[in-house]
Amino acid sequence: MNKNILILTGSPRKNGNSDMLADAFMKGAKEKGHTVNKIEVAKLNVNGCKACIMCWTKD
């Protein structure tokens, strides 16, 4: 049974140990037929909830 796998990396160092480990895992999972996506969280602007209630409003 093939799985959908999401890899989240948090290190800001491109090609660092964490990045290389994630890539090795991704390669092995793809070879087994799984679908793999990798997101480099350190490159994103992620903020916490600001309690603006926009997620509860209907358009």
Side-chain angles (χ1 to χ4, degrees):
M1 176 184 239
N2 292 341
K3 303 285 184 181
N4 292 321
I5 300 171
L6 175 63
I7 300 172
L8 301 173
T9 60
S11 177
R13 293 182 18 203
K14 184 70 176 160
N15 297 323
N17 291 336
S18 297
D19 201 33
M20 291 190 320
L21 182 62
D23 289 341
F25 174 81
M26 184 166 40
K27 179 183 176 191
K30 284 184 177 182
E31 287 175 356
K32 295 292 183 180
H34 301 294
T35 302
V36 183
N37 291 311
K38 178 178 153 186
I39 298 176
E40 296 174 351
V41 180
K43 293 182 178 180
L44 301 177
N45 185 13
V46 179
N47 294 313
C49 176
K50 296 180 183 177
C52 67
I53 309 177
M54 285 299 294
C55 59
W56 291 94
T57 61
K58 295 182 181 179
D59 293 330

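Fair warning: this is a prediction, and the values are worked out from it, not measured in the lab.
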Show which side-chain atoms of residues 25-34 pair as donor or acceptor with protein atoms under 3.5 Å away, not counting sequence neighbours.
unit_1	atom_1	unit_2	atom_2	d
His34	ND1	Lys3	N	2.9

Using atom types as modelled, flag every donor-acceptor pair under 3.5 Å from a side chain in residues 9-18 to any protein atom, sequence neighbours excluded.
unit_1	atom_1	unit_2	atom_2	d
Ser11	OG	Arg13	N	3.3
Lys14	NZ	Glu40	OE2	3.1

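Ile53 belongs to a hydrophobic cluster with Trp56, counting contacts under 4.5 Å between side-chain heavy atoms of Ile, Leu, Val, Met, Phe, Trp and Tyr, direct or through other members.
Note that CG of Leu6 is 12.0 Å distant from OG1 of Thr35, once rounded to the nearest 0.5 Å.
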